[in-house]
Amino acid sequence: MTENILDNIHINFDSGSLWVMNIVLGLVMFGVALEISVSDFKPLWLRPKALIAGLISQFLVLPAITFLLVLAIEPLPSIALGMFMVAACPGGNISNFISYLSNANTALSVSLTAMATMFAIVMTPLNFHFWSMLYEPGSSLINEISISSIEMFKLVFLLLGLPLALGMLINYKMPELALKIAKKLKIVSLVFFIGLVFIALYNNRIIFMDYILYVFWIVLAHNLLAFTTGYGIGKLFKLPVDSIRSITIETGIQNSGLGLLLIFTFFDGLGGMALLAAFWGIWHIVSGLILAAFWNRKSVAKETIA
């Protein structure tokens with residue numbers, strides 16, 4: 001009974017609000033890009049190991065580990081699709097702040113955010129489709145909805161690619177102006193975006209309250225697994241402690257806002273997917289701050305990108 005309901009209900013989110021969410025997420029990414037300069041990518045060419053480790057953790061290992069978790073716990077198909085969507089997204093836009101609080105390698109965090117955002121234009125749609133179609137219950141649901149991977153690619157490019165390119169261009173041409181705009185724009189747009197998510201949840205609060213306990217434990221396990229994946233990859237690559245922390249955070253803090261927008265756009269707010277992505281967006285802030293508080297008590301020697 002639960003499966004029939006949750007896999008078929010849709011979160012109510014009108015087209016006007018969806019357009020506003022599109023614009024606000026684009027502004028969030030633009031605000032992030034205003035603080036990214038070409039010089040942030042120089043370590044990639046000089047000592048790329050940490051960046052490579054971070055991208056492998058983000059786009060290869062996390063989706064694969066998510067697939068194994070789905071096989072192990074066998075969640076409802078719509079919940080599984082939500083897990084694949086979150087795992088396919090790049091790092092969240094609060095990851096740099098969490099890295100700063102954690103005494104992590106903030107230069108690496110910024111570089112990973114920029115690189116992951118660019119890679120996500122291709123890797124987010126690709127990863128989601130690959131792992132979802134590999135999981136039979138999820139693939140059946142996708143076939144019923146018949147979404148277009150090309151259209152998803154176009155939207156991700158518009159939401160991530162264009163704001164990133166424009167923000168970096170302004171940073172290159174007018175760096176002082178870019179920093180002034182970024183400080184205000186990032187906060188305002190992020191608060192506005194979170195507000196839209198909460199409005200969507202409030203308008204669907206009955207559905208949210210009915211299923212939150214089911215989603216709660218799955219998100220906790222998935223998020224913990226994501227942090228563990230990043231930490232393990234950093235250790236495997238024998239990186240400095242501060243770089244391991246950055247990769248851990250970049251892997252555990254996902255851009256669930258992007259995931260939610262894709263879910264509302266292509267899946268009509270499919271219940272299980274939307275609930276999982278929305279709760280992930282709330283929980284990863286809490287878990288990230290808890291991790292930052294723990295690591296902040298343990299100072300490390302700052303090192304350049306390994």
Side-chain angles (χ1 to χ4, degrees), residues 49-92 95 98-99 102 104 108-109 112-113 115-117 119-120 122-139 141-142 214-239 243-256 258-260 262-263 272-273 275-281 283-288 290-291:
K49 187 169 72 167
L51 280 168
I52 292 172
L55 292 173
I56 288 174
S57 178
Q58 184 81 58
F59 290 118
L60 296 180
V61 182
L62 179 59
I65 292 292
T66 299
F67 180 75
L68 294 178
L69 178 62
V70 166
L71 291 181
I73 65 176
E74 296 184 348
L76 305 182
S78 62
I79 293 290
L81 291 181
M83 294 169 70
F84 292 138
M85 179 64 81
V86 168
C89 288
S95 59
I98 298 294
S99 290
S102 302
L108 173 60
S109 179
L112 275 173
T113 297
M115 291 298 297
T117 299
F119 272 83
V122 174
M123 293 303 295
T124 293
L126 182 64
N127 259 329
F128 174 75
H129 277 277
F130 177 78
W131 294 107
S132 297
M133 297 306 289
L134 205 59
Y135 184 62
E136 195 278 329
S139 65
L141 208 51
I142 287 180
Y214 177 77
V215 174
F216 177 80
W217 296 109
I218 293 176
V219 170
L220 254 64
H222 193 195
N223 184 234
L224 179 60
L225 193 62
F227 280 125
T228 304
T229 297
Y231 188 83
I233 292 296
K235 281 286 190 180
L236 185 65
F237 275 74
K238 299 180 179 179
L239 298 175
S243 294
I244 292 174
R245 291 183 179 185
S246 291
I247 292 174
T248 302
I249 292 164
E250 291 293 324
T251 308
I253 304 290
Q254 295 294 90
N255 193 338
S256 54
L258 172 64
L260 264 179
L262 295 176
I263 291 165
M273 292 184 75
L275 286 178
L276 185 126
F279 186 66
W280 180 288
W283 175 250
H284 76 179
I285 297 174
V286 176
S287 62
I290 291 172
L291 184 61

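Quick note: numbers below take in every heavy atom, side chains included, and nothing from hydrogens, waters or symmetry partners.
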Could you measure the distance from the [atom1] atom of [X] to the [atom2] atom of [Y]? Nearest 0.5 Å is fine.
{"X": "Glu74", "Y": "Leu71", "atom1": "CD", "atom2": "CG", "value": "8.0 Å"}
{"X": "Leu260", "Y": "Trp280", "atom1": "CG", "atom2": "CH2", "value": "12.5 Å"}
{"X": "Met115", "Y": "Leu55", "atom1": "CE", "atom2": "CG", "value": "5.5 Å"}
{"X": "Phe84", "Y": "Leu276", "atom1": "CZ", "atom2": "CG", "value": "11.0 Å"}
{"X": "Leu225", "Y": "Leu220", "atom1": "CG", "atom2": "CG", "value": "12.0 Å"}
{"X": "Ser99", "Y": "Ile253", "atom1": "OG", "atom2": "CD1", "value": "8.5 Å"}

Atom of [X], atom of [Y] and distance for their closest heavy-atom approach:
{"X": "Ser132", "Y": "Leu81", "value": "OG-CD2, 3.5 Å"}
{"X": "Ala226", "Y": "Gly252", "value": "CB-CA, 3.9 Å"}
{"X": "Ile263", "Y": "Ala277", "value": "CD1-CB, 3.8 Å"}
{"X": "Ala80", "Y": "Val70", "value": "CB-CG1, 3.9 Å"}
{"X": "Ala120", "Y": "Pro125", "value": "O-CD, 3.5 Å"}
{"X": "Arg245", "Y": "Ala104", "value": "CB-CB, 3.7 Å"}

Classify the ring geometry of Phe279 against Phe216: parallel below 30°, tilted from 30° to 60°, perpendicular beyond 60°. tilted

Could you check whether the rings of Phe67 and Tyr135 sit parallel, tilted or perpendicular, using 30° and 60° as the cut-offs? perpendicular

Can you tell me if OH on Tyr231 sees more than 12 non-hydrogen neighbours from other groups inside 6.0 Å? no

Inspect the surroundings of CZ in Phe237 and state if more than 12 heavy atoms from other residues, nucleotides or ligands are less than 6.0 Å away. yes

Taking the side chain as every heavy atom from C-beta outward, state whether [X] and [Y] have any atom pair closer than 4.5 Å.
{"X": "Leu262", "Y": "Leu258", "result": "yes"}
{"X": "Val219", "Y": "His222", "result": "no"}
{"X": "Ile233", "Y": "Leu239", "result": "no"}
{"X": "Leu76", "Y": "Tyr214", "result": "yes"}
{"X": "Ser109", "Y": "Ile249", "result": "no"}
{"X": "Leu291", "Y": "Thr248", "result": "yes"}

With distance as the sole test, does [X] use its side chain to make a donor-acceptor pair with the main-chain N or O of [Y] at under 3.5 Å?
{"X": "Gln58", "Y": "Cys89", "result": "yes"}
{"X": "Asn127", "Y": "Phe59", "result": "yes"}
{"X": "His284", "Y": "Gln254", "result": "yes"}
{"X": "Thr66", "Y": "Leu62", "result": "yes"}
{"X": "Glu250", "Y": "Gly91", "result": "no"}
{"X": "Thr124", "Y": "Ala88", "result": "yes"}

So, Ser57 versus Thr251: side-chain donor-acceptor pair below 3.5 Å or not? yes

